[in-house]
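First comes the structure, then the notes that go with it.
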Amino acid sequence: METIIGYLNNMFAALPRTSQMLKLKQDLLASMEEKYYELKNDGKTENEAVGIVISEFGNIDELISELGIGQNYGEELLPFLSEDEAEGFVAAKKRTGLLIGFGVALCLIGTALLILFTTLAEEGSLGVSEDFGSMLGIISLTVLIVPAIGMFIYSGMKMEPYKHLQDGFQLTYQLKSYLQQKQKAFAPTYTLSLIMGVGLCVLSPIGMFVGSAFDGNVSTYGAAIMLLVVALAVFLLVYYGQIRESYTILLTTKEVTKAKKEEDRVIGAVAAIVWPLATCIFLISGLMFQQWQINWIVFPITGILFGMFSAVYNILKVKNNS
Amino acid sequence: MISSDVIRGYNDTLILYMLLERDSYGYEISKNIRTLSEEKYIMKETTLYSAFTRLEKNGYIHSFFKEEESFGKRRTYYRITPEGLMYYREKCAEWQVTQEVVNKFIKEL
């Protein structure tokens with residue numbers, strides 16, 4: 001009987017929870033239950049009884065069309081997404097998340113090495129000239145950035161086959177409820193990664209606070225450590241963020257996706273300018289003017305301003321839409 | 001076994017017939033249809049309940065709860081309305097014509 005209840009719950013999982021729907025589900029369950037016990041009384045085994053009841057259930061889409069909740073069926077005939085495609089998309093997102101996260105982390109590690117080598121050479125701890133130290137830093141930065149760029153390009157290519165998802169698609173109710181279950185199961189992992197990622201970002205300047213209490217270049221090492229911690233944080237945020245996004249993309253309806261996409265595009269474009277700019281200011285003020293003890297402040301300031309911009313843009317956008 | 005495609009237009013008629021004599025509930029109706037058709041037609045659960053929804057929306061049947069004395073549990077019962085009876089008669093007349101027409105094209109080979 002458990003199997004039958006589970007089957008019915010699955011069938012109704014993706015349907016709206018109206019009182020009409022709940023009553024219908026109860027009636028169906030009562031009917032199936034009665035059939036099940038009668039079959040058992042007739043001497044059928046558990047498996048046989050469950051098999052017969054489920055095989056005589058029919059097709060849930062028949063009920064859906066009668067209840068008029070499947071309107072999107074008639075209006076727009078979007079292609080159905082197969083289970084393989086959905087699974088493939090989630091897997092590809094996960095893999096590209098790993099690559100992009102790792103790539104961004106490499107860029108940050110490269111920057112940390114640049115700062116580290118330059119400072120070490122300046123202090124003479126490496127026993128090389130300042131120019132050679134800078135060169136070493138730039139070389140290590142390049143060596144790390146090149147594979148990172150390769151990873152970005154490769155991830156872009158990996159996602160190419162799934163471009164058509166943007167044109168809209170629909171899910172069968174079974175697939176939808178399956179994905180919803182997976183999304184729900186992933187939620188705690190995502191929350192944990194978010195807490196850890198943000199926590200690391202917030203804690204990352206500690207090295208510099210401590211360093212600025214000492215003399216000279218100690219806060220510079222703090223800056224390098226900060227970048228390494230941020231690299232780890234960014235990796236966590238990007239990797240788990242991509243997995244989460246794969247479910248969000250599959251489970252949001254087309255109209256929502258469209259508006260959201262436009263919003264993401266604008267915010268993404270602004271982010272692509274603002275963050276590299278902040279990084280430039282950080283590096284120039286640090287490497288040229290030795291302002292490591294204070295210049296990290298550009299990141300929190302950029303973060304706050306950028307957050308404000310996103311929020312305001314969001315609100316204006318919602319207002320326009322309504 | 002009859003395919004559900006062939007009988008589609010007459011599921012409602014079958015259900016209304018079952019309600020002519022007395023009120024009934026989902027499982028009993030489906031069981032009686034099976035018995036009466038000599039196991040040649042088994043109405044799927046979703047077919048049955050989408051028919052209930054449609055018939056009730058059109059005012060041909062109305063549903064109510066009834067406590068079962070022996071089980072002590074509540075069942076949804078259905079009762080045919082005067083409109084439902086009228087609709088049933090229409091469908092019967094329609095079937096007579098349909099049968100006549102189709103029969104003209106049926107021959108033993």
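Order of the sequence lines sets the chain letters (A, B, ...), proteins ahead of strands, with each chain counted from 1.
In this structure, chain B has a heavy atom under 4.5 Å from the side chain of A/E38, while its backbone stays farther away. Contact of B/F52 with chain A is not made at all, since no heavy-atom distance falls under 4.5 Å. Heavy atoms of A/I60 lying under 4.5 Å from chain B belong exclusively to its backbone.
Looking at B/K44, its side chain does come within 3.5 Å of a backbone N or O of A/S55 through a donor-acceptor pair. With hydrogens and angles disregarded, a donor-acceptor distance shorter than 3.5 Å links the side chain of B/Y49 to the backbone of A/D27. The backbone N or O of B/T76 sits nowhere less than 3.5 Å from a side-chain atom of A/K23 that would complete a donor-acceptor pair.
At most 12 non-hydrogen atoms from other residues, nucleotides or ligands lie less than 6.0 angstrom from OH of A/Y240. Taking a 6.0 Å sphere around OH of B/Y41, one finds it holds more than 12 heavy atoms contributed by other residues, nucleotides or ligands.
Paired with A/E56 under the rule side-chain contact (heavy atoms from CB on, under 4.5 Å), one option of B/T46, B/L48, B/I42, B/T47 passes, and it is B/I42.
Between B/G26 and A/S31, the closest heavy-atom pair is C-OG, 3.9 Å. Of all non-hydrogen atoms in B/K57 and A/E66, the two that sit nearest each other are NZ-O, 3.1 Å.
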Residues 99-107 of chain B side chain polar contacts: donor-acceptor under 3.5 Å, at least two apart:
residue : atom : partner : partner atom : Å
B/N103  : ND2  : B/Q99   : O            : 3.3

